[in-house]
Amino acid sequence: MIKFLSQPWPWYVAGPIITLNMFLLLYFGRQFGVSSTLRTMCAIGGAGKVASFFKFNWRDQLWNIVFVIGGLLGGVIASQFLQNPKPIQLNKSTVAELTDLGIEDAGKDYLPESLFSWDSFSTVKGFTMLVLGGFLVGFGTRYAGGCTSGHAISGLSNLQLPSLTAVVGFFIGGLLSVHFLLPLFV
Amino acid sequence: MKFVKFLLVGVVFGITLTKAEIISWYRIYEMFRFQSFHMYGVIGSAVVLGVIVIWFAKKTSLKGMNGDFISMPAKEKVWVRYLVGGTLFGLGWALTGACPGPIYILIGNGFTIFLVVLLSAVIGTFTYGLVRDKLPH
């Protein structure tokens with residue numbers, strides 16, 4: 001059983017489980033949207049004193065903080081008990097492209113250690129990439145009113161045009177990033 | 001006790017996104033280079049099934065556990081914030097290889113460097129809250 005679960009899960013297993021997650025949260029009377037937790041953390045930290053955007057009863061959002069703590073625990077469980085020693089089966093042209101960019105052993109782990117480690121964080125390039133990347137995620141999701149879970153999954157499932165606009169934006173940004181921004185940092 | 005169900009759904013979410021490699025920077029890079037079907041399969045199947053589930057829930061007036069009809073609030077009928085905000089998020093998503101969910105899940109997987117990404121994301125959200133009134137929406 002453990003061995004079976006430890007294999008990489010195909011898309012047709014993961015997609016429906018994500019839909020089930022969304023549905024269960026709706027059934028519990030909540031909305032599936034992870035980026036809202038960032039706003040909640042600001043509110044818990046007292047940001048309501050400086051900006052009205054953070055003046056809301058964050059206790060109503062504690063369920064979502066519990067949900068992401070669950071996500072974190074899921075990551076612990078998967079990494080401790082469901083490990084798969086084999087590399088990620090990436091497209092060969094992706095691997096070749098990344099090698100050209102200077103990223104070796106593509107797919108060996110979930111991410112390139114040369115970009116995501118405390119060692120890289122201590123370099124100007126590495127620090128800038130991690131901090132700028134995180135900042136854009138936090139700023140952009142709140143400006144857009146949602147991230148992948150809120151817009152791409154929930155919003156599109158509900159056939160909402162604003163969410164489709166947001167997803168188009170996600171792709172404009174992602175394409176610009178892999179072509180122009182990322183090469184500056186690797 | 002009322003929080004346990006959210007914790008459990010979160011655990012399933014975290015295991016799924018890890019095992020399906022959705023938390024992988026490489027998978028996101030591949031997606032934005034259109035070199036793999038994997039991520040399109042994940043998001044596409046989730047949305048197609050989601051459309052059916054939401055349609056069915058509305059058609060049958062399905063109620064949640066607290067007795068309210070299952071529904072999602074309508075989003076504002078504007079487009080600037082969705083396009084511009086979405087683009088800014090997309091820039092960060094491709095750079096870090098992580099949307100908000102995977103940030104937490106990567107930390108759980110032992111990639112503690114994502115604490116930096118999480119803190120930066122919180123600061124990003126905080127900054128949005130500060131300048132919100134000056135931005136076009």
Side-chain angles (χ1 to χ4, degrees), chain A residues 9 11 14-15 17-19 21 24 26-27 29 34-35 38-39 41-42 51 53-54 63 66-68 70-76 78-79 91 94 110-111 116 130-131 133-144 147-148 153 156-158 160 162 165-166 169-170 172-174 177-178, chain B residues 3 6-7 9-11 13-16 18-21 24-25 30 32 35-36 38 41-42 45-47 49-51 53-54 64 66 70 72 75 79 82-83 85-92 94-96 99-101 104-105 108-109 113 116-117 120-122 124-126 128-130 132:
Chain A
W9 296 9
W11 60 265
I17 293 177
I18 294 171
T19 310
N21 280 353
L24 283 174
L26 283 170
Y27 183 77
V34 181
S35 64
L38 302 171
R39 184 185 181 194
M41 282 193 266
C42 289
F53 183 63
F54 301 107
W63 69 270
V66 173
F67 172 76
V68 295
L72 195 149
L73 284 177
V76 173
S79 64
N91 186 330
T94 308
Y110 283 107
L111 32 82
F116 298 95
L130 293 164
V131 171
F135 184 90
L136 285 166
V137 168
F139 189 94
T141 51
R142 211 66 268 126
Y143 195 176
C147 59
T148 328
I153 308 291
L156 292 186
S157 292
N158 201 28
Q160 299 185 123
T165 315
F170 297 173
I172 295 172
S177 198
V178 293
Chain B
F3 284 133
F6 297 113
L7 190 78
V9 177
V11 168
F13 183 62
I15 294 175
T16 305
T18 302
K19 290 313 299 173
E21 299 160 351
S24 170
W25 181 90
E30 229 181 12
F32 284 127
Q35 287 164 337
S36 167
H38 185 75
V42 170
S45 62
V47 171
L49 195 61
V51 169
V53 166
I54 300 300
N66 50 14
I70 285 181
M72 278 188 238
K75 305 230 164 38
W79 61 273
Y82 298 114
L83 199 61
T87 301
L88 293 174
F89 163 53
L91 286 167
L95 215 50
T96 60
C99 46
Y104 296 104
I105 302 168
N109 269 277
I113 190 69
V116 173
V117 179
S120 307
V122 172
T125 295
F126 177 65
Y128 168 75
L130 290 180
R132 186 170 176 255

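A quick note: this is a predicted structure, and the numbers were derived from the prediction, not measured. Residue numbers begin at 1 in each chain, while the letters A, B, ... track the order of the sequences.
Of the two parts of A/Leu24, only the side chain, counted from C-beta on, holds a non-hydrogen atom closer than 4.5 Å to a non-hydrogen atom of chain B. For chain A, the nearby parts of B/Ile113 are the backbone and the side chain; heavy atoms of each come within less than 4.5 Å. Only the side chain of B/Ile70 comes within less than 4.5 Å of a heavy atom of chain A; its backbone N, CA, C and O stay farther away. B/Val53 touches chain A through its side chain: at least one heavy atom from C-beta onward sits under 4.5 Å away, while N, CA, C and O do not.
With respect to B/Tyr128, the ring-ring contact (aromatic ring centres under 6.0 Å, His included) criterion is satisfied by exactly one of A/Tyr143, A/Phe54, A/Phe135: A/Tyr143.
When the candidates B/Thr96, B/Val117, B/Leu91 are compared by the number of heavy-atom contacts under 4.5 Å with chain A, B/Leu91 comes out ahead. No other option in A/Leu156, A/Leu26, A/Val68 has as many heavy-atom pairs under 4.5 Å with chain B as A/Val68. Most heavy-atom pairs under 4.5 Å with chain B, from the set A/Ile18, A/Asn158, A/Ile153: that is A/Asn158.
Residues B/Ile54 and B/Met72 meet the side-chain proximity criterion, which asks for heavy atoms closer than 4.5 Å. A/Val137 places none of its side-chain heavy atoms less than 4.5 Å from the side chain of B/Cys99. A heavy-atom distance below 4.5 Å is found between the side chains of B/Pro100 and B/Phe89.
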Pair A/Tyr110-A/Phe116, ring pair (Phe, Tyr, Trp, His ring centres under 6.0 Å): steps then yes or no | CA-CA 10 Å; A/Tyr110 283 107; A/Phe116 298 95; over 10 Å; no

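At least one donor-acceptor pair closer than 3.5 Å links the side chain of B/Trp25 to the backbone N or O of B/Leu95.
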